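Here is the structure we will look at.
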Amino acid sequence: MTADEVRMNGAQIAIESADLGYAGQPVLRRVSVAIRPGEFVAVLGANGSGKTTLLRSLLGFLPPLSGTVERAPGARIGYVPQRETLDDRYTLSGADVALFGTYGDLSFWRVIGAPARERARSALAACGALEFASRRYSELSGGQRQRILIARALATAPSLLLLDEPTAGVDRASEAAILDALDDLRRDRSLSIWLVTHHEEALRGRVDRFARVADGAVVLEDRP
């Protein structure tokens, strides 16, 4: 599928008949998926099944071994990784971390201005994170950190959010708060969201489709 065909079909990203993997060895074979505008998809599968491989391919971090991965012109992606590597010794506030999401639009000689700061603040507000954004990031709870990281991704002004297990290791109340925030973002900002998770039941009634990753394949199914 060419970039023009991606645009004509309304998809933000389309993978067509692709083998995805590392060092010439496919983890996933003959994958064909398309990310539709405004759609919420939960990516499910066992550990090691290839869920992160799929996300890395959608992000463009991992070129396909065969087949194609096409992105619509102007598509912007916000990404929340499975593990954040920020050193707790850094005296960063939650607001500082969210502001990182604006850096990609700055030339190297430019300082951070009011528009970037307002974009980060708007992202924090959209994620329900303003109340703790001034606190040191290393002192926040797991659920609070995740909302900060989602705000950082949102500050990139994306049309698509890709999240790799954003609710792993948080309690049920925090998980519900994160998923509620994502529901609101999808509705208010017309975002597409693909979220990797092991918690299928928590996503029932919230998502449009499930992408099941198993035995080297990706199967998309509408929610029951």
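Here the structure is a predicted model, which is why all the values come from computation and not from measurement.
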Which atom pair, heavy atoms only, marks the closest approach of Phe210 to Val41? C-CG1, 4.4 Å
Do you know which of Asp208, Val207, Leu161 makes side chain to side chain contact (heavy atoms under 4.5 Å, CB included) with Arg186? Asp208
Could you state the interatomic distance from CG (Leu44) to CG (Leu195), rounded to the nearest 0.5 Å? 9.5 Å
Please enumerate all residues that pass side chain to side chain contact (heavy atoms under 4.5 Å, CB included) together with Ser141, with sequence neighbours excluded. Gln144
Under 3.5 Å, which donor-acceptor pairs link side chains of residues 53-60 to any protein atom two or more places apart or in another chain?
{"from": "Thr53", "atom 1": "OG1", "to": "Tyr22", "atom 2": "OH", "distance (Å)": "3.0"}
{"from": "Ser57", "atom 1": "OG", "to": "Thr53", "atom 2": "O", "distance (Å)": "2.9"}

For Asp19, enumerate each residue passing the side chain to side chain contact (heavy atoms under 4.5 Å, CB included) test, keeping only those at least two apart in sequence or located in another chain. Pro26, Arg29, Arg30, Leu65, Ser66
Could you measure the distance from the OG1 atom of Thr52 to the CG atom of Asp164? Nearest 0.5 Å is fine. 4.0 Å
Which heavy atom in Thr156 sits nearest to a heavy atom in Gly78, and how many Å separate them? OG1-CA, 3.8 Å
Going by side chain to side chain contact (heavy atoms under 4.5 Å, CB included), name the residues that satisfy it together with Asp215, two or more places apart in sequence or in a different chain. none
With salt bridge (charged side-chain N to carboxylate O under 4.0 Å, His left out) as the rule and sequence neighbours excluded, what pairs involving residues 39-49 come up? Arg36-Glu39, Glu39-Arg209
I'd like to check the salt bridge (Lys or Arg N to Asp or Glu O under 4.0 Å) partners of Arg152; sequence neighbours left out, ordered by chain and number. Glu84
Nearest atoms (heavy-atom pairs only) where Ala98 meets Ala151: CB-CB, 4.3 Å
With Ala202 via side chain to side chain contact (heavy atoms under 4.5 Å, CB included) - residues at least two apart: Glu175, Leu179, His199
Give me the atom names and distance for the closest heavy-atom approach of Phe132 to Leu140. O-CD2, 3.9 Å
Residues 123-136 vs side-chain hydrogen bond (donor to acceptor under 3.5 Å, both in side chains), sequence neighbours excluded, gives Arg136-Ser138
From Leu92 CG over to Tyr137 OH, what is the distance, rounded to the nearest 0.5 angstrom? 9.5 Å
Inter-residue atom distance Ile13.CD1 - Ser159.OG, 0.5 Å rounding: 8.0 Å
List in chain and number order the residues that pass side chain to side chain donor-acceptor pair (under 3.5 Å) with Ser174, two or more places apart in sequence or in another chain; answer none if no residue qualifies. Asp171
Can you find a pair of side-chain heavy atoms, one from Val196 and one from Val213, that are under 4.5 Å apart? no
I'd like to check the side chain to side chain donor-acceptor pair (under 3.5 Å) partners of Gln25; sequence neighbours left out, ordered by chain and number. none
Not counting sequence neighbours, list each pair that qualifies as a salt bridge (charged side-chain N to carboxylate O under 4.0 Å, His left out) and has a residue in residues 176-185. Asp180-Arg206, Asp183-Arg206, Asp184-Arg187
Hey, does Arg121 have a side-chain heavy atom less than 4.5 Å from the side chain of Leu130? yes
According to a 4.5 Å side-chain heavy-atom criterion applied to Ile, Leu, Val, Met, Phe, Trp and Tyr, with indirect links allowed, do Val219 and Leu20 form part of one hydrophobic cluster? no
Return the set of residues passing side chain to side chain donor-acceptor pair (under 3.5 Å) with Ser122 (not counting sequence neighbours), or none when no residue passes. Arg189
